[in-house]
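Below is one structure, written out as structure tokens; comments come after it.
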Amino acid sequence: MTADQQLAFRTISSTNPRSDSERDAIHGNPGFGKYFTDHMVAIDWTNDLGWHNAEVRPYGPLLLDPAASVLHYAQEIFEGLKAYRHPDGSIWTFRPEANALRMQRSAHRLALPALPSEIFIESIRQLVRADAAWVPGAPETSLYLRPFMISNENFLGVRAAHQAAYYVIASPVGPYFAKGVAPVSIWVSTDYARAAVGGTGAAKCGGNYAASLLPQQQAYEHDCSQVLFLDPQHGKYLEELGGMNIVMVHRDGTVITPELSGSILEGVTRLSILQLARDRGHPVQERKVSFDELRDGMVSGEIAEVFACGTAAVIAPIAALKGRDFVVGDPAAPAGKLTMSLRQELTDIQHGRRPDRHGWMMRLV
Ligand SMILES: *Cc1c(COP(=O)(O)O)cnc(C)c1O
């Protein structure tokens, strides 16, 4: 299939969509990833036919054969991006080409078929058009979009599947921090790594998340909300959180983040935040950062701010790090100034309150 191939979408409208009042009630308290819209996108793929059968259809369960390969060998990838309602009522998304390209890279690593960017973006446009009423309008709310791809060939032999399917579902989400942006404490895992050298760390695949759940439980047991993983080879350098990248601000204004190591997921939020920092004249360093440098810097004050970033929370300030034999930082410390101001700038762009000088926004409706 050529890169610019387009598919015609068939639409089968839901015969029992939620009522306006049900939807309003959900918008009033959406949580995160709890409620889903009336429709979904599904596209089939086979070795012989390529991508075909593109449709918007009523949201509902998938029918999978118990031998479907994804259930056994975890050939699965996903994406995450948001649709935002702007003050004039129009609906936009943020850098969808970056998600489309990342999904192609993830597909390559997981031996799944590449979905052309045009089809990825059209799938999102189709779903958001069908469920436009689901895009909330209150401050800091959005419609979270979850594209994903699975192998669904009914075959237990171990090889790349000859049949796959791509779906998009959508979930209205409220402000990530209901009571204002709250700094978090992070558990530094020295027992486990999330990804291996040469493994799938740079791919957005469910398997990486499965590997992060046990350390995540340990984090909860230590009153931490997320895990910081160190490099899988030496256990020495910072990698990232289970689902967010990590960024530090030096006292002199330099913004520092671990360089992409092959086992770090390249976040679109990370990329965008680094650009906004550069635009303001902050030196930006992408390099190896040892855990010792972070810990000592937090103690001495050389490292003035630490935050995590990703689509869901945008930016989460990190106040403290805990591990088996140490605590650094103060869990009650307020969020850093640059942290909060970058967060404000990025969310202003996304929600249409500030000019989009980099051309990051794409109108959907
Ligand atoms: C999705 C993800 C991120 C953040 O990526 P964004 O594009 O900024 O949302 C970071 N780390 C991991 C492991 C992820 O899966």
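In each ligand, atom 1 is the first atom listed, and ligand 1 is the first ligand listed. For the single chain, residues carry numbers from 1 onward in sequence order.
- Contact annotation: Glu266 has no heavy atom less than 4.0 Å from any atom of ligand 1.
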N/O donor-acceptor pairs under 3.5 Å from side chains in residues 289-297, not counting sequence neighbours:
from, atom 1, to, atom 2, distance (Å)
Ser290, OG, Glu293, N, 3.0
Asp292, OD1, Arg295, NH2, 3.1
Glu293, OE1, Arg287, NH1, 3.0
Glu293, OE2, Arg287, NH1, 3.4
Glu293, OE2, Arg287, NH2, 2.8

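- Each of Pro30, Ser171, Pro17, Pro172 was scored for a side chain to side chain contact (heavy atoms under 4.5 Å, CB included) with Trp134, with one residue passing: Pro172.
- For the residue pair His52/Asp44, the side-chain donor-acceptor check at 3.5 Å is not satisfied.
- Between Val268 and ligand 1, at least one N/O pair is under 3.5 Å apart.
- In this structure, Arg102 has a heavy atom closer than 4.0 Å to ligand 1.
- Using cut-offs of 30° and 60° for the angle between ring planes, the Tyr237 and His234 rings count as perpendicular.
- The minimum heavy-atom distance between Trp51 and Pro113, with the atom names listed, is CZ2-CG, 3.7 Å.
- Closest to atom 4 (C) of ligand 1 among all protein heavy atoms lies Gly243 O, 3.8 Å.
- Between Gly242 and ligand 1 there is a heavy-atom distance shorter than 4.0 Å.
- An N or O contact shorter than 3.5 Å links Glu240 to ligand 1 by distance.
- By the 3.5 Å distance cut-off applied to N or O atoms, Asn245 is not counted among the residues near ligand 1.
- Shown here for Thr37 and Tyr59, the closest heavy-atom pair between the two residues is O-CB, 3.4 Å.
- Considering only non-hydrogen protein atoms, atom 1 (C) of ligand 1 sits nearest to Lys204 NZ, 1.4 Å.
- Shortest non-hydrogen contact noted between Cys309 and Thr269 is CB-CG2, 3.9 Å.
- For ligand 1, the polar-atom distance check finds an N/O of Tyr209 within less than 3.5 Å of one of the ligand's N/O atoms.
- The aromatic rings of Phe120 and Tyr166 sit tilted relative to each other, their planes meeting at an angle between 30° and 60°.
- With hydrogens left out, the protein atom closest to atom 9 (O) of ligand 1 is Thr311 OG1, 2.6 Å, a heavy atom.
- In terms of protein heavy-atom proximity, atom 8 (O) of ligand 1 is closest to Thr269 OG1, 2.6 Å.
- Residue, atom and distance of the protein heavy atom nearest to atom 5 (O) of ligand 1 are Gly267 CA, 3.3 Å.
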